[in-house]
Amino acid sequence: MPSPLLGATLDPTGATFALYSAHALAVELCLFDGPDSLEPREVLRLDERTGDVWHGHVPKVKAGQLYGYRVHGPWDPANGYRFNSAKVLIDPYARAVGRPPLWHPSLLAYVEG
């Protein structure tokens, strides 16, 4: 079976979400109610994997659903791995972003100064 299209792909029953990561250990899809939501309404683990593409179908999702990913994996900066599941990531294949980014020190992988 070929890999699903990367990003969010709508169909009549919902949407398939797919994210590429060769080194992730787990991927969670975070669904938000709106642009001011600080916490996701629902967190769904993407258990399906085709090669290095993590994916899953979510019923009843409609156009305009705000979402992001939490990606679990190794923290090993010396070897290029900076996974941090505490951070919600923007889908690199998203066709739109639902709100402007908010600058905060928690976005950094280190303590400033």
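Values reported hereafter were calculated over all heavy atoms of this structure, with side chains retained and with hydrogens, waters and symmetry mates removed.
Shortest non-hydrogen contact noted between Ala18 and Val53 is CB-CG1, 3.9 Å. The two residues Leu10 and Val61 make their nearest non-hydrogen contact at CD2-O, 3.9 Å. Residues Cys30 and Val88 share a closest heavy-atom pair of SG-CG2, 4.4 Å. Shown here for Ala26 and Arg45, the closest heavy-atom pair between the two residues is CB-NH2, 3.3 Å. When all heavy atoms of Arg49 and Ala24 are compared, the closest pair comes out as NH1-O, 4.3 Å. Between Pro35 and Leu66, the shortest heavy-atom contact is N-CD1, 3.3 Å.
For residues 91-104, no pair satisfies salt bridge (Lys or Arg N to Asp or Glu O under 4.0 Å), with sequence neighbours left out. Evaluation of the salt bridge (Lys or Arg N to Asp or Glu O under 4.0 Å) test over residues 7-33, restricted to residues two or more places apart or in two chains, returns Asp33-Arg41. Applying the salt bridge (Lys or Arg N to Asp or Glu O under 4.0 Å) test to residues at least two apart or on different chains, none of the pairs has a partner in residues 59-80. Listed by first and then second residue, the ring pair (Phe, Tyr, Trp, His ring centres under 6.0 Å) pairs that reach into residues 13-46 are Phe17-Tyr67, His23-Tyr81, sequence neighbours excluded.
Side-chain heavy atoms closer than 4.5 Å link hydrophobic residues (I, L, V, M, F, W, Y) into clusters, and following such links, possibly through other members, connects Val58 to Val27. At a threshold of 4.5 Å between side-chain heavy atoms, the hydrophobic network of Ile, Leu, Val, Met, Phe, Trp and Tyr places Leu89 and Leu44 in one connected group. The cluster map of Ile, Leu, Val, Met, Phe, Trp and Tyr, joined by side-chain heavy atoms under 4.5 Å apart, puts Phe83 and Leu19 in the same cluster.
Residues Ile90 make up the rest of the hydrophobic cluster containing Val97, defined by ILVMFWY side-chain heavy atoms closer than 4.5 Å, directly or through other members.
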His55/Thr16 under side chain to side chain donor-acceptor pair (under 3.5 Å): CA gap, chis, key distance, verdict: CA-CA 7 Å; His55 55 93; Thr16 296; over 6 Å; no
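Residues meeting the salt bridge (charged side-chain N to carboxylate O under 4.0 Å, His left out) test with Asp36, sequence neighbours left out: none.
The line from CH2 of Trp54 to CG of Leu25 is 7.0 Å long, rounded to the nearest 0.5 Å.
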